[in-house]
Amino acid sequence: MINEHTIRDVVVLGGGTAGWMAAAALSRFLGNGVTRVTLVESEEIGTVGVGEATIPPLITFNQMLGIDENTFLRATAGTFKLGIEFVDWGALGERYFHPFGPHGRDLQGIHFHQLWLRAARHAREAGGAPTIADWAVSAVAAAANRFARPAPDAPAPLRDLRYAFHFDAARYAAFLRRYAEGAGATRVEGRVVAVRRDGGSGHVAALRLADGREVAGELFVDCSGFRGLLIEETLATGYEDWRHWLPCDRALAVPCALPRDPEPYTRATARPFGWQWRIPLQHRLGNGYVYASRYLDDEAAEAALLSTLEGEPQAAPRRLSFVAGRRLSAWNANVVSLGLASGFVEPLESTSIHLVQAGIAKLIALFPDRRFDPEERDEFNRHMRDLFEDVRDFIILHYKATRRGDTPFWDAVRTMNVPETLRRRMALFAGKGRVFRDTAELFTTPSWVAVGLGQGLMPADYEPAVDALDEVKVAAALRQMHAACAAAVATLPTHADYLRRSGIMAPAG
């Protein structure tokens, strides 16, 4: 039963990925016959499509909307992603893989990586150390350029294969627009020139467009990008600047021709003054350079990016400026900010779209009525603050845990002070490889282990509980897991074959 306090009009400001994700989800889950969803966007204003690589939770978002995965991938020129290959991050000439999913399996309540640490110590003493990625089925499959979605009844270790997607962000926004409009959302074309506020509450009451029309609402979702037209320019919410930890403040993005069949992983290559992404889609490679303008000017950055492309550029490089950080409140008054309007952490671990997804899910869970209970707002803000800070600390880890000092940029991030939350994590890991997580954190223990070890942060020891397990039996179990992982991956088709076999990508030739 609809009561008198039910919100009648939700207005989403801004299209792009964030805006249409919000419109699609709100139309799907607020279909009560009373609440209307309107999205306002202007074709005069471009969108920032940096989020072409994702992490596994997007699967859940698509499933919640009832979106068929193959249909989604065909519409967005999408490919599968098993993780991220990091090149030159710990030191020049080194590379490691951050896979989705676990490494091996735990034994008698002991984390696998603790068993590996003991084995690795003995292997080092014998002159060679194994790589923990060899026990992660997603990493082994990525190295072999193989992929298949695990069947519901898949045996170990294939059932541990986790995946996400690469896709064309503009096509994803268009795909979600069709979905949202089909679910009842209304799109209004127009450029906002003024914002009308309620004289009593100070809430946003309506958006005035360049042609004189007004779009009124009771709840506004600000997806207006870095500008934050409602959350910042109108409500002056404030911003927490993280550039002292994350000094990169520029990005260049350019697509190029695909030199070969797409691989099922993202690559992030450390450069002298930042890092470069490589994202393989069905029809092109997405490339970008994230850098610190304090150390590198825009023209030099563009020349460096273009010199590393593997195919002909398909457009002129697009330049973005940003400040790493977050809004002090993601929800202020009757405005909820999502995407770049709520904050920005560089897309090193492909978290940009997930932060949008998490904000949408929390908004639906705490959806207000016209009384706007401050407890609901505060809970939303607490959740988003914790999530942003969790992502922030994980990204900082990649910079802090480096042995590079070959440029002023790398020397600065290697020697900087880090947030106390990260300092504690790094100290616990450096001692005995311990990882402790809060239940709501995004990154799992295997993720912290993969990046910590990959960056060269080798624990001095392992947990004493490991010595309670028979070393000979554990060694045999590790050999069996290693062999099973390699054998399982050998049964998979190549990534491109799977895309074609599933009808997602056109046949070769």
Side-chain angles (χ1 to χ4, degrees), residues 16-18 20-21 24-25 47-85 97-101 137-139 141-142 145-150 160-179 253 255 258 261-268 277-288 339 347-358 360-361 391 442-444 447 492-506:
T17 302
W20 285 112
M21 283 180 73
T47 58
V48 178
V50 299
E52 294 179 334
T54 64
I55 56 178
L58 188 65
I59 296 172
T60 303
F61 181 80
N62 285 344
Q63 289 174 342
M64 287 170 53
L65 296 183
I67 292 172
D68 175 73
E69 196 164 280
N70 285 0
T71 302
F72 146 70
L73 287 168
R74 281 193 295 270
T76 60
T79 60
F80 292 98
K81 174 184 172 184
L82 292 167
I84 305 173
E85 181 186 44
F97 198 81
H98 173 194
F100 298 137
V137 66
S138 294
N145 198 17
R146 293 180 178 272
F147 178 83
R149 283 174 285 211
D160 293 326
L161 187 143
R162 302 286 186 273
Y163 66 91
F165 313 105
H166 305 123
F167 55 73
D168 185 312
R171 294 190 188 191
Y172 186 49
F175 177 80
L176 289 177
R177 174 183 171 180
R178 293 191 292 273
Y179 178 99
L258 192 69
D261 283 340
E263 298 92 343
Y265 57 88
T266 303
R267 179 178 295 137
W277 75 73
R278 179 187 186 277
I279 299 172
L281 307 182
Q282 293 180 32
H283 62 309
R284 63 171 171 83
L285 274 182
N287 309 274
L348 183 57
E349 286 284 352
S350 310
T351 52
S352 299
I353 288 176
H354 178 76
L355 289 167
V356 176
Q357 175 186 343
I360 292 169
V391 172
L442 172 60
F443 294 103
T444 63
S447 289
L492 301 177
T494 69
H495 178 229
D497 283 347
Y498 184 80
L499 289 169
R500 293 181 177 114
R501 195 181 300 173
S502 302
I504 296 168
M505 188 166 75

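Values in this document were obtained by computation on a predicted structure and should not be read as measured data. Along the sequence shown, residues are numbered consecutively beginning with 1.
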So how far is it from [X] [atom1] to [Y] [atom2], rounded to the nearest 0.5 Å?
X    : Y    : atom1 : atom2 : result
T71  : N62  : OG1   : CG    : 10.5 Å
D497 : L492 : CG    : CG    : 11.5 Å
L176 : R178 : CG    : CZ    : 9.0 Å
I59  : R149 : CD1   : CZ    : 9.0 Å
Y265 : I279 : OH    : CD1   : 13.5 Å

**Request:** In plain terms, say whether E69 and R74 are close enough for a salt bridge, that is, a side-chain N and a carboxylate O under 4.0 Å apart.
**Result:**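 No.
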Heavy atoms, side chains only, cut-off 4.5 Å: are [X] and [Y] in contact?
X    : Y    : answer
N145 : P264 : yes
E349 : L442 : no
R501 : I504 : no
L355 : V391 : yes
F100 : I55  : yes
P347 : E52  : no
I353 : L58  : yes
T351 : T54  : no

**Request:** Return the orientation label for the F165 and F72 ring planes: parallel under 30°, perpendicular over 60°, tilted otherwise.
**Result:**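 Correct class here is perpendicular.
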**Prompt:** Hey, what's the ring geometry for H495 with F80, parallel, tilted or perpendicular (30° and 60° as the breaks)?
**Reply:**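 It falls in the perpendicular class, over 60°.
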If only atom types and distance count, is the side chain of [X] paired as donor or acceptor with the main-chain N or O of [Y] below 3.5 Å?
X    : Y    : answer
S138 : L161 : no
D68  : G66  : no
Q357 : P57  : yes
T76  : A169 : no
Y163 : F147 : no

Which atom names give the shortest non-hydrogen contact between [X] and [Y], and what distance separates them?
X    : Y    : value
A148 : P493 : CB-CD, 4.0 Å
A53  : T266 : CB-OG1, 3.7 Å
A77  : R171 : CB-NH1, 3.6 Å
L82  : A141 : CD1-CB, 3.8 Å
A268 : L348 : CB-CD1, 3.9 Å

**Item:** Partner set under salt bridge (Lys or Arg N to Asp or Glu O under 4.0 Å) for R278, not counting sequence neighbours
**Value:**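 R278 satisfies salt bridge (Lys or Arg N to Asp or Glu O under 4.0 Å) with E263, E310 once adjacent residues are dropped.
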Is a donor from one side chain sitting under 3.5 angstrom from an acceptor on the other, for [X] and [Y]?
X    : Y    : result
H166 : Q282 : no
Y498 : R146 : no
H98  : S447 : yes

**Request:** List the steps and the verdict of side chain to side chain contact (heavy atoms under 4.5 Å, CB included) for L258 and L281.
**Result:** CA-CA 8 Å; L258 192 69; L281 307 182; over 6 Å; no
**Prompt:** Stepwise, does the side chain to side chain contact (heavy atoms under 4.5 Å, CB included) test hold for D168 with H283?
**Reply:** CA-CA 9 Å; D168 185 312; H283 62 309; 3.7 Å; yes
